[in-house]
Amino acid sequence: MSRDSFDHKAIEKKAQDRWAELDLYTTDLTDDTKDPYYLLFEFPYPSGDLHIGHWYAFALTDIFARKQRMDGKNVLFPIGFDAFGLPAENAAIKNGVDPKKWTYENMDRMRTQIRSMGASLDWSKEIVSCDPSYYKWTQWLFTKLFEHGLAERKNALVKWCPKDQTVLANEQVNDGHCERCGTEVEEKNLTQWFFKITQYAERLLTDLDGLPWREDIKDAQRAWIGESEGAKLTFMAHGPEKDDTTQPIPVFTTRPDTVFGATYLVLAPEHEMIEVLIQDASNPDAVREYQRATARKTERDRSENKEKTGVPLEGITATNPATKEEVPVYIADYVLNSYGTGAVMAVPAHDERDFEFATKFNLPVKQVVRPRFVDESNPPREGKETVERDMIIGLVRNPKNGKFLCLNWKEQPWTTFVVGGIETGEDSIEAAVREIHEETGYRNITFVRKLGGISQTEYFATHKDENRIAYTQAMLFDLVDEEQEALSPEEAAKHELVWLSPQEITSRKIQHAEFATVWQRLQNGIDTYVGDGILFNSDGFDGRDNREAMADIVEFAGGERVKNYRIRDWLVSRQRYWGAPIPVVYDPEGNVHLVPADHLPWLLPEDVDFTPGAAGAGKSPLATSKELHERVTRIFGEGWVPEYDTLDTFVDSSWYYLRYLDPKDDHDFSDQSLMKKWMPVDRYSGGSEHTTMHLLYARFFNKALYDLALVPTSEPFGERFNRGLILGPDGAKMSKSKGNVVNPDGVVEKFGADAVRMYLAFIGPYNEPGNYPWNLDGTFAMRKFLDRVNALYEKKTDAELSDETTKHLALAIKKIGTDIDRFKFNTAISTLMTLVRELEQLPQVPMQAKRTLLILLAPLAPHLAEHLWSKLGEEGSVHQAQWPAVDESLLAVNEVTVTVQIQGKRRGEITLRPDSNEDEALMLAKSIPTVAKAIEAGPPKRVIYVQGRILNLVF
RNA sequence: GCCGGGGUGGCGGAAUUGGUAUACGCGGCGGAUUCAAAACCCGCUCCUUACGGUUGUGGGUUCAAGUCCCACCCCCGGCACCA
C-alpha cells in the first residue's frame, strides 16, 4: 500500500457504526415530507456464501439509492431472502441436515457478509419467504386466487424432472432439460395445481407497451406470450357410412384466406376426438400404434427429428367448410395438442410443414394464392385494355457443370431465363420445351420439376399498346446433351446465350423480381408460397387480395376470428418438501376444500422423510408426515386427506415487493394505504434470466390481485434494469467445477469494500446486460485511486476557489449526477477520476472543492467519503448532504475550441468565444498555415460553420 | 428459420445522438527512485518512415458518418414443427 494509504477496515467499521447510530437507513414509510422512491433488487436465495454476483447486484444498486437520498427522496431500499427452494432440500438428502436449519444458518452468515458491503439497506423491512409469518400470506393469497377461479386443479400433460422428482413449469424447462439440474425431462399426465395466467395473456401483452422497459425485455415477454391472430374454422369429420357419427373438428389457423387450398386435416396424436373417430376408421390398430409411439417420445425427440411422420384415419373424411369437399384426415406429431385446438387444416401449397407432409404422403397440393409482381420499369397504364396470358419460365441446368442457361437481351440490359407464352392446346411443360428449343436451339432436355406455383406479373406491352397480366409457371429442366440447332435469325437478333454458374446468377442479381424469386426458391428448395398475393381457385374470392379478403372468407366458411396464445397456464405444484404447503385438503369424496383462514399459516410439517421416492413415486415428502395426517383428521375429520404438494417458489417471489411495505403485519398481507403511496416499484434491478419467469409471473400475480381489489396498481414495476454477469478471471462463467469462482470476502479484506464496489461499477455500463470478467488488477487500481483521493485531503486548503476549478466542479456534479441516475456508473467514475487529477495539479485544494468532491464520492465510496467528511470537521454524515445544485451559468463557457476542416478533413483548431460568428472564425482559421495556403489559391466554394463545433471549408 | 441487441486498440470500455474517434482504466514499454526489489512518481503506447489511413465487410446519402440508408459476414440473447 502507498504511504498515503488508509486503513479501510477501521474506517469501514467507524462509518457503519455512525450510520447505525444516526439510523440513516430505516425508512419511515409514512413520511409525507419527501417524495417516496421504491428501489428494489431481486431478493437473494440463501445459498450459503456471498458471491461476487451478490455484490454486483446489491452494492451497485446502493450507489443509486444513496444518490436518490441526496436528491431529497424518501428511499425504500429493502432486502430479504427468497428462502424456500430445492438446494436446502438437496442438502438435507445429501448430508442429513434439516432444511430449515441449513437455510437459517446460511441466512445468518449472509447477513454478516451483506452488511460488510456498507450498503444503505433497510434491514427493518427484512422478509424471509420460508418463515410462517410470510408464507401464511402466500397461502392466503392462494386461497383468494382459488376463490376467484384463478387457481385450479386439472389433469394435464406436464413436465417431470426424474432427478428432482417433481413437476416443472414450462418456463423451467430449457431445450427439453430441467433448468435447475440439466436432466432431460419426461412428460406425464398428472393432476396438478395451475394458475390461469393464460386468462391474462392479452393484458400482459398490451400493458407491456406502456412500461418504460428496454425493448429486448419486452420482446422476450412478447415472444413468450406468443400471440397470433387468426381464425377458428370447423371441419365436420365423419366415417364412410351414412349413419356414422359426425364430429366437428375446430382448427386454428393464421391463414384462413388459404382455406380453399386445405386438402387434408391433421389431428395431434393426443387429440381427444380420435377416440370417437377411430370407431369408424378401418385401421384402428395402426392409429393406436402411432399414438403409443408418440407417447413414448419426449417433446425433444419429436422436434429433433423433424422428418414428418403420421398415420391416416382411413375411411374418415372431413368437410372443408369453404369448398365443401371431403378431405382425408391424418394424425401426426407435428401437430401439438397443447397449441390452438390440437388440429390443423393443412394447406400444402402455402405452408412448408404441410407441404413436406403432403409430399411424403402423396396428398394433393392446391395453390390458391399467387404472388403478384408489377414490372416497375414498365408498369400497367391507366385506361388501357388488359389481356391475360399464360406463360412459362424455363430453367435449363447442365448437370455436368451445374451452370444454367440464361439470355442476355440485346435491346434491354437484362439477363433472364427462357421465358415464353403457352399456345392453345399445349400444356405448360410442352410450351416450355418448345420455347427452349426455339430460343436456344437445345432440344434434348428432360423435365425435372415445377418450381413452386403460378405467379402473376403485370406490365404494359408497348408493341401491342395493352396492359398484360402474365400467369407464369417456372420449371426446371436438365440438359441431356449439348446438341444444339442453329437459331433462326430473328431469335439470334434478340438475345445472346450464356451459361452462368449459380454464384454468377446470384451476384448479378437478376433484375426482375419474378426471376429473382424463382431463383431464390430453387436455391432454398422451397416449393411453397407463404407470402401474400392474389387469390384464385377460391370461388367467389378469385382475384382479391388475400389479406383484404381474409375476414370475408372467415365469415363465408362459418368461422370466427380469434387470437391464440403460446403461453400455457402456470403449473405451481411441486412434489418437494421445502416450499409453502398448498393450503388445501380433500374430503372423503375427494372434493377440494381450502384450509380456512383461521388455520393459516398451514404449517409445513417437520416429521418427514426426505429420501427421494420415500412417499411413493411422484409424491411429495409431505405424504410421509404423520403429524400432517393427524392434523387434518383432527381439524376436518376422519377420511379427510391433506394436499401433499408445495408451491413453486416463484409464487413466493411474485408478491414479496408488497410485503416489504408491511413486513410484520399479522392481519393482512400488506397495508393498503402504504401500497397506494409506494406502488408501483420505481426501479427494479435484476438478472435477465428472470425476464420470462419471475418478471412475467409477478406481473400476472399483481394483475390478479389488482382485479380482486387487493393492490392499487395493475403493474407492479416501473423501470426495470437487467444487469449483466460477472465472469471469472478467465472470461468464463464462474463455477465451482471450473475453479474460477472469486470469493469477495478475501478481496474486500485486502482492498476494502469501497474499492470492490467501485471496481464493479467501473467495469462496464450497469444499465445493460453485458458480461464482464473479474480482474483483480482493476480492484487494485481502484484502491490506488482511492488512496490518491485520500492523499488529496492532506493538502492545505487555504487557497481561494478559482473560476476554473469552480467550473470543473460544476461539470463533474452534472455529469456524475446524470450518469448515476442512468445506472452508468462507469462513466461517472471516469469523470470523477478526471476531476481528482485536476485537483491534484493544484498546489492547494480549497475547502469548497474538498467538500464537494466528498459529496460526489459518497454514493460510490461511502466509507471513505464518510471518513474524510468527519476529518474535514463536518457535522453529521456526508450521506445526509444534498446533491449540489448546478449553477448553469457556471457551465457557460467563455471560449471554445473549434476544429477547422478542409473538405471534411481535420487541418487544425482555433480557440474563440462560443458566440463568435463565421467571419471571426474564418479570420482565425487563416492563422493555420495549410488553411491560409488553401484560401490563397482561391476562395472556398462553401463554408460550414457550426458554432462551438466545427468550421469546414469546401473548395 | 423468425424476433431483438451488438461488432470501436492487446483487454474492459468512452464518444454531448451527424461535428476533434479511441475519454477513463487495465495490460505493455521506457525513465526516475533504490544496494536491490516492491510501492510511489514521470513519459510513451491504433497502423504507417512519411504522405496518409483506421470504428466487422462492401456500397450509398452528406460539407461532415462509429452514429443515417442498402446489401452481406460474424457474435450474443430470446422464440421455434406454435399452424
Side-chain angles (χ1 to χ4, degrees), chain A residues 1-5 175 214-228 230 251-256 258 266 268 299 302-308 332-336 338-347 350-354 356-357 507 509 524 564-567 688-689 691-692 722 731 759 762-765 768-782 784-785 787-788 791 815 818 824 826-834 837 897-909 940-946 948-955:
Chain A
M1 292 292 152
S2 76
R3 87 197 121 84
D4 298 312
S5 195
D175 272 338
R214 278 171 61 111
E215 274 309 306
D216 54 343
I217 305 178
K218 294 190 192 182
D219 273 336
Q221 291 213 348
R222 288 188 187 113
W224 191 263
I225 297 165
E227 179 183 83
S228 355
V251 300
F252 173 73
T253 175
T254 54
R255 290 295 302 276
T258 63
V266 192
E299 198 166 89
R302 282 212 219 175
S303 57
E304 228 167 38
N305 178 13
K306 292 197 177 173
E307 174 84 11
K308 296 279 176 295
D333 67 2
Y334 80 93
V335 175
L336 308 176
S338 51
Y339 183 76
T341 62
V344 303
M345 65 176 210
V347 186
H350 303 293
D351 183 283
E352 284 179 42
R353 296 150 304 182
D354 295 342
E356 201 190 317
F357 190 86
S507 61
K509 301 225 164 72
N524 299 339
N564 200 32
Y565 297 90
R566 201 191 70 91
I567 194 171
S688 40
E689 71 275 18
T691 303
T692 50
N722 279 1
Y759 169 66
F762 189 60
I763 204 164
E768 40 187 271
N771 298 334
Y772 311 103
W774 172 264
N775 175 359
L776 202 61
D777 289 332
T779 323
F780 179 58
M782 203 51 78
K784 283 198 298 192
F785 170 70
D787 283 338
R788 277 169 47 210
K815 172 81 173 140
T818 53
K824 290 211 56 164
N826 55 335
T827 48
I829 291 173
S830 77
T831 303
L832 189 70
M833 285 171 162
T834 308
R837 171 133 294 146
T897 306
V898 166
T899 302
V900 181
Q901 298 179 330
I902 292 177
Q903 326 281 58
K905 292 220 185 331
R906 186 170 190 271
R907 285 294 116 105
E909 54 186 41
K941 249 192 292 189
R942 214 177 141 187
V943 177
I944 294 105
Y945 176 63
V946 183
R949 294 272 162 85
I950 208 139
L951 176 68
N952 189 10
L953 306 179
V954 185
F955 290 93

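Residue numbering restarts at 1 for every chain, and letters A, B, ... go by the order of the sequence lines. Remember, it's a predicted structure, so these values are computed and weren't measured experimentally.
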Asker: In whole Å, what separates the P atom of B:A39 from that of B:C47?
Answerer: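 Going atom to atom, P in each nucleotide, I get 26 Å.
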Asker: What integer number of Å spans the C1' atoms of B:U62 and B:A80?
Answerer: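 To the nearest whole Å, 42 Å.
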Asker: Return the pairing partner of B:A64 with a 3.5 Å limit on both distances, Watson-Crick or G-U wobble; otherwise return none.
Answerer: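 Pairing partner, where one exists within any strand: none, as none qualifies.
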Asker: Going by the glycosidic torsion and a 90 degree boundary from 0, is the base of B:U55 oriented syn or anti?
Answerer: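 Classified anti.
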Asker: Heavy atoms under 4.0 Å, any strand shown: does A:I763 hit a base, just sugar-phosphate, or nothing?
Answerer: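 The residue A:I763 makes sugar-phosphate contact but no base contact.
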Asker: Consider the side chain of A:Y772, meaning its heavy atoms from C-beta on, and name the nucleotide among B:G78, B:G13, B:U20 that approaches it most closely.
Answerer: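 Selected nucleotide (nearest to the side chain): B:G13.
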Asker: Closer to the 5' end of RNA chain B via nearest nucleotide, is it A:E768 or A:S830?
Answerer: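 This one resolves to A:E768.
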Asker: Looking at every strand, decide which applies to A:V946 at a 4.0 Å heavy-atom threshold: base, sugar-phosphate, or nothing.
Answerer: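 Base contact.
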Asker: Expressed as a whole number of Å, how far does the P atom of B:U34 sit from that of B:G66?
Answerer: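 It comes out at 49 Å once rounded to the nearest Å.
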Asker: Nearest whole angstrom, please: distance from the C1' of B:C2 to the CD of A:E352.
Answerer: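 Result: 12 Å.
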Asker: Taking atom P in both B:U48 and B:G10, compute the distance separating them and give it to the nearest angstrom.
Answerer: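 To the nearest whole Å, 11 Å.
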Asker: Within 45 degrees of the ring normal and closer than 6.0 Å to the centroid, is that where the cationic atom of A:K308 sits relative to A:Y334?
Answerer: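 Yes - A:K308 lies over the ring of A:Y334, closer than 6.0 Å to its centre and within 45° of its axis.
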Asker: Under 4.0 Å, heavy atoms only, any strand: does A:T691 hit a base, just the sugar-phosphate, or nothing?
Answerer: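 It contacts nothing in the nucleic acid.
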Asker: About how many Å separate OG1 of A:T831 and CG of A:N826, when rounded to the nearest 0.5 Å?
Answerer: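 It comes to 9.5 Å.
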Asker: What is the distance, to the nearest angstrom, from the CZ atom on A:R942 to the P atom on B:G19?
Answerer: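 Interatomic distance, CZ of A:R942 to P of B:G19: 17 Å.
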Asker: Would you please confirm or rule out a distance under 4.0 Å between OP1 or OP2 of B:A83 and any side-chain N or O of A:N564?
Answerer: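 A:N564 to B:A83 OP1/OP2: no side-chain N or O under 4.0 Å.
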Asker: Give the rounded distance in Å between these two atoms: NZ of A:K824 and C1' of B:A14.
Answerer: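 After rounding, the gap between these two atoms is 8 Å.
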Asker: Nearest to the side chain of A:A223, heavy atoms from C-beta on, is which of B:U20, B:G25, B:C79?
Answerer: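 For the A:A223 side chain, the nearest candidate turns out to be B:C79.
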Asker: Whole angstroms only, please: what is the NZ-C1' distance between A:K784 and B:G27?
Answerer: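 In whole Å, B:G27 C1' and A:K784 NZ are 11 Å from each other.
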Asker: Quick one: label A:P765 by what it contacts on the DNA or RNA (base, sugar-phosphate, nothing), any heavy atom closer than 4.0 Å.
Answerer: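 The answer is sugar-phosphate, as A:P765 gets under 4.0 Å only of primed atoms, P, OP1 or OP2.
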Asker: Could you tell me if the side chain of A:F762 sits less than 4.5 Å from the side chain of A:M833, heavy atoms only?
Answerer: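 Touching, per the 4.5 Å side-chain cut-off.
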Asker: C1' atom, B:G27 versus B:G12: distance in rounded Å?
Answerer: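 My reading of the C1' atoms in B:G27 and B:G12 gives 11 Å.
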Asker: Pick the closest RNA chain B nucleotide for A:N771 and for A:G778 by heavy atoms, then say which residue is nearer the 5' end.
Answerer: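 It is A:N771, whose closest nucleotide lies nearer the 5' terminus.
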Asker: Step by step, would you call A:L832 with A:F785 a side chain to side chain contact (heavy atoms under 4.5 Å, CB included)?
Answerer: CA-CA 10 Å; A:L832 189 70; A:F785 170 70; 4.1 Å; yes
Asker: Once you round it to whole Å, what is the distance between P of B:G6 and CD1 of A:I217?
Answerer: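 Answer to the nearest Å: 13 Å.
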Asker: Is the distance from OP1 or OP2 of B:A83 to the nearest side-chain N or O of A:Y339 less than 4.0 Å?
Answerer: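 A:Y339 to B:A83 OP1/OP2: side-chain N or O found under 4.0 Å.
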Asker: Does B:G9 fall in syn (glycosidic angle within 90° of 0) or anti?
Answerer: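 Base orientation relative to the sugar is syn.
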Asker: Less than 4.0 Å between a side-chain N and a carboxylate O, is that true for A:R222 and A:E215?
Answerer: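 Salt bridge: yes.
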Asker: Do A:Y759 and A:N775 have side-chain atoms, one donor and one acceptor, less than 3.5 Å apart?
Answerer: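 Side-chain D/A pair, A:Y759 to A:N775: absent.
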Asker: May I ask you to say what A:Q901 touches in the nucleic acid, namely base, sugar-phosphate or nothing, with a heavy-atom cut-off under 4.0 Å?
Answerer: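 Base contact - A:Q901 has a heavy atom under 4.0 Å of at least one base atom.
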Asker: Could you check which nucleotide pairs with B:C26 in any of the strands shown, counting Watson-Crick or G-U wobble with both distances under 3.5 Å?
Answerer: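 Its partner is B:G10.
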Asker: Using the side-chain heavy atoms of A:R949, tell me which of these nucleotides is nearest: B:G19, B:G5, B:A80.
Answerer: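 Closest of the options to the side chain of A:R949: B:G19.
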Asker: Report yes if at least one side-chain N or O of A:K308 is closer than 4.0 Å to OP1 or OP2 of B:C81; otherwise report no.
Answerer: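 So the side chain of A:K308 is outside the cut-off, no N or O lying under 4.0 Å from OP1 or OP2 of B:C81.
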Asker: Kindly point out which of B:C41, B:C63, B:U20 is positioned nearest to the side chain of A:R788?
Answerer: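 The answer is B:C41, which lies nearest to the side chain.
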Asker: Starting at CZ of A:F762 and ending at P of B:C24, how long is that distance when rounded to a whole Å?
Answerer: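 In whole Å, B:C24 P lies 10 Å from A:F762 CZ.
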Asker: Both distances under 3.5 Å, Watson-Crick or G-U wobble: report the partner of B:C2, or none.
Answerer: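 The base-pairing partner of B:C2, which may sit in any strand shown, is B:G78.
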Asker: How would you label the contact of A:D333 with the nucleic acid (heavy atoms, under 4.0 Å): base, sugar-phosphate, or nothing?
Answerer: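 Since a base atom lies under 4.0 Å of A:D333, the category is base.
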Asker: A:N952 CG to B:C63 P: how many Å, rounded?
Answerer: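 Distance check: A:N952 CG to B:C63 P gives 10 Å.
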Asker: Please identify which of these residues, A:I902, A:V943, A:V946, A:I944, meets the side chain to side chain contact (heavy atoms under 4.5 Å, CB included) condition with A:L951.
Answerer: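 Exactly one option meets the side chain to side chain contact (heavy atoms under 4.5 Å, CB included) with A:L951, and it is A:V943.
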Asker: Go through B:G13, B:C26, B:A83 for me and flag the one nearest to the A:F252 side chain.
Answerer: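 The listed nucleotide nearest to A:F252's side chain is B:A83.
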Asker: Using the C1' atom as the point on both nucleotides, what is the distance between B:G77 and B:G43, in whole Å?
Answerer: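 B:G43 and B:G77 have their C1' atoms separated by 43 Å.
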Asker: Please work out if A:V347 contacts a base, only the sugar-phosphate, or nothing of the nucleic acid, heavy-atom cut-off 4.0 Å.
Answerer: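 Nothing: the residue A:V347, judged by heavy atoms under 4.0 Å, touches no strand.
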Asker: Distance check: side-chain N/O of A:T827 vs OP1/OP2 of B:C24, anything under 4.0 Å?
Answerer: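 Negative; the distance criterion is not met.
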Asker: Whether the side chain of A:Q221 engages the backbone of A:T691 through a donor-acceptor N/O pair (distance < 3.5 Å, no angle test) should be reported.
Answerer: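 Such a contact is found between A:Q221 side chain and A:T691 backbone.
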Asker: Can you find a donor-acceptor pair, distance only, under 3.5 Å between A:D777 side chain and B:C26 base?
Answerer: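 Side chain to base: no pair below 3.5 Å.
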Asker: Please report the distance, rounded to the nearest Å, between CG in A:L832 and C1' in B:A14.
Answerer: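 From A:L832 CG to B:A14 C1': 16 Å.
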Asker: List the steps, then state whether side chain to side chain contact (heavy atoms under 4.5 Å, CB included) holds for A:Y945 with A:I950.
Answerer: CA-CA 6 Å; A:Y945 176 63; A:I950 208 139; over 6 Å; no
Asker: Work out how far the C1' atom of B:G19 is from that of B:G13, and round it to whole angstrom.
Answerer: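 Straight-line distance between the two C1' atoms is 22 Å.
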Asker: Using purine N1 to pyrimidine N3 plus N6-O4 or O6-N4 for Watson-Crick, or N1-O2 and O6-N3 for G-U wobble, both under 3.5 Å, which nucleotide pairs with B:G58?
Answerer: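 B:G58 is paired with B:C70.
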Asker: OP1 or OP2 of B:G25 versus the side-chain N and O atoms of A:R837: is any pair under 4.0 Å?
Answerer: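 For B:G25, OP1/OP2 do have a side-chain N/O of A:R837 under 4.0 Å.
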Asker: Between B:U20 and B:A71, how far is it from one P atom to the other, in whole Å?
Answerer: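 Roughly 29 Å separates the two P atoms.
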Asker: Select one nucleotide: of B:C79, B:G78, B:U20, the one nearest the side-chain heavy atoms of A:T899.
Answerer: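 Nearest to the side-chain atoms of A:T899, counting from C-beta on, is B:U20.
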